[in-house]
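Pasting in a structure now, in structure tokens, and then I'll have a few things to ask.
Numbered from 1 within each chain, the chains take letters A, B, ... in sequence-line order. All values below were derived from every heavy atom in this structure, side-chain atoms included, with hydrogens, water molecules and symmetry-related copies excluded.
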Number of protein chains: 2
Amino acid sequence: MDASTQLSARAREIVDVAHALLEEEGADGLSTRRLADRVGIRAPSLYSHFANKQELEGALVSDGLRELGDRFEAAISGSDDPVVDVANAFRAFAQARPHLFRLMYRVPWHETQLDPEAELRTRRFIGQATGGDIVGARVFWSFCYGLCELELADRFPAGGPVVDELWSAGLSALKAAMPMSPPAA
Amino acid sequence: MDASTQLSARAREIVDVAHALLEEEGADGLSTRRLADRVGIRAPSLYSHFANKQELEGALVSDGLRELGDRFEAAISGSDDPVVDVANAFRAFAQARPHLFRLMYRVPWHETQLDPEAELRTRRFIGQATGGDIVGARVFWSFCYGLCELELADRFPAGGPVVDELWSAGLSALKAAMPMSPPAA
DNA sequence: GTCTATAGTGGGATAGAC
DNA sequence: GTCTATCCCACTATAGAC
């Protein structure tokens, strides 16, 4: 089954609680006992709804991909600088849901069941923003992901340039030098 | 104490075994019990040498920073394209020590004791390669880190361009568009 | 279909004896 | 420094109640 396209009402409720728990306490705080406590059941009962913890995390990540897709869609519609607007949407998502963001890119995808459609959708919007240039898309993705991850990990020492400056400098440089076609008008 | 500048001979031996275990079994395989087994002692005895597991990981990461610094130094000496050569050294390190690399950028530095000198040294080489341009250095770092992390996580779907192509395209674009001074001759 | 109780494995960590 | 013993917590599996 694809992890959360067809969740039962009870499973959906558990995943919603897990989202709240994740944002409040981080990935380390997302334990089966704590989650079950909040839901009002015993920890082993979670395994009636999910085969294991990875499948539950897969549902969380699939939700994250869907939300990211929504943000991309909103950023792209009517934009006259889709690459920058999609990139900004990516970083805004990372800052709005830091723990979910880190979970999305830390879990080995191949070992979990994710909603494949949600993931494809984000790729389609990125491809749309970069005019179909797959090299350009992945180079942009690498920069955006790396900066967001380092920013969340507080890896840029204080006293230096503001992260916003790094962000716009990197985006401008890549946009100027990468051979990306403009989006189809 | 800075985590591994002044390790006792016994602690040094334990860390060496931990390096081997980490590379063979990954971060999840690095448990205190397994490590102790390999060393030939009981798990609680590890705590005579390290306050907790984080301090032990800090020693591993400090070693990684020192090795990375060595690689940077070798890459820079006599190079006529220091930015690219340092970047290549970074990626080569990520591929040579994938589990250590991921550990270095996953552990929250502020919560561990790392060897501050080792970290400063890597920054100095990066600064040297970018001619002191701190914005350029961090933008480069973001791209290199993001691509290496995505590559190690197998996040670039097969069938697309080879990662080497993304790597050189990104480096070329950033080098062309970022206002970095050449290194002092 | 959902939940409970129970038990087993394995991880990090501490206390206290030698 | 090292040991034994112990604690707490996590995930997993099974059997059975409703």
Hey, does B:Leu30 reach any base, or is it just sugar-phosphate, or nothing, if we go heavy atoms under 4.0 Å? sugar-phosphate
I'd like to check B:Leu171 versus B:Phe143 (side-chain heavy atoms, cut-off strictly below 4.5 Å). Are they in contact?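 A side-chain contact exists here, since the closest heavy-atom pair is under 4.5 Å.
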Please report the distance, rounded to the nearest Å, between CG in B:Leu56 and C1' in C:dG12.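 To the nearest whole Å, that distance equals 12 Å.
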What's the closest nucleotide to the side chain of A:Tyr47 if the choices are C:dG11, D:dT12, D:dC3? D:dT12
Closest listed nucleotide, where the reference is the side chain of A:Lys53 and the choices are C:dA5, C:dA13, D:dT12: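 Minimum distance to the A:Lys53 side chain belongs to D:dT12.
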In terms of ring plane angle, is the pair A:Phe101 and A:Phe90 parallel, tilted or perpendicular, where the classes change at 30° and 60°?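 Geometry flag for A:Phe90 against A:Phe101: perpendicular rings.
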Whole-Å distance separating the CD1 atom of A:Ile41 from the P atom of C:dT4: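 Atom CD1 in A:Ile41 sits about 7 Å away from atom P in C:dT4.
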From C:dA13, C:dT6, D:dA10, pick the nucleotide closest to the side chain of A:Pro44? C:dT6
Whole Å only: how far is the CZ atom of A:Arg34 from the C1' atom of D:dA10? 12 Å
Which listed nucleotide (C:dG11, D:dC3, C:dC3) is nearest to the side chain of A:His49?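 When the side chain of A:His49 is considered, C:dC3 is the closest of C:dG11, D:dC3, C:dC3.
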Using the side-chain heavy atoms of A:Asn52, tell me which of these nucleotides is nearest: D:dT12, D:dC11, C:dT2. D:dT12
Rounded to whole angstrom units, what separation is found between the CG atom of A:Leu7 and the P atom of C:dG1?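 Computing the A:Leu7:CG to C:dG1:P distance gives 15 Å.
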So which one's nearest nucleotide on DNA chain D is more toward 5', B:Arg10 or A:Asp28?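 With A:Asp28 and B:Arg10 compared, the 5'-side residue is B:Arg10.
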Is any side-chain heavy atom of A:Arg121 less than 4.5 Å from a side-chain heavy atom of A:Glu73?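 Side-chain contact under 4.5 Å: yes.
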Without decimals, in angstroms, what is the distance between A:Leu46 CG and C:dG1 P? 18 Å
Is the closest side-chain donor-acceptor distance between A:Ser79 and A:Asp85 under 3.5 Å?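 There is such a pair between these side chains.
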Looking only at side-chain atoms of B:Arg33, point me to the closest of D:dA10, C:dC3, C:dG12. C:dG12
Is it true that atom CZ of B:Arg42 has more than 12 heavy atoms of other residues, nucleotides or ligands lying nearer than 6.0 Å? no
A:Ser31 side chain N/O closer than 4.0 Å to the phosphate oxygens (OP1, OP2) of D:dA10?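 Checking A:Ser31 against D:dA10: at least one side-chain N or O falls below 4.0 Å of OP1 or OP2.
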As a test of reading the structure: which of C:dG11, D:dT4, C:dA5 is closest to the side chain of B:Arg42, going by heavy atoms?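 Out of C:dG11, D:dT4, C:dA5, the nucleotide with an atom closest to B:Arg42's side chain is D:dT4.
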Candidates C:dC3, C:dG11, D:dT4 - which lies nearest the side chain of A:Ser48: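 The nucleotide sitting nearest to the side chain is C:dC3.
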Between C1' of C:dG12 and CZ of B:Phe50, the distance in whole Å: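 In whole Å, C:dG12 C1' lies 15 Å from B:Phe50 CZ.
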Can you check the B:Gln54 CD to C:dG11 C1' distance for me, whole Å? 15 Å
From CD of A:Glu55 over to C1' of D:dC11, roughly how many Å is that when rounded to an integer? 15 Å
Where the side chain of A:Ser45 is concerned, which of C:dT2, C:dC3, D:dT2 is the nearest nucleotide?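 My answer, after comparing the listed nucleotides, is C:dC3.
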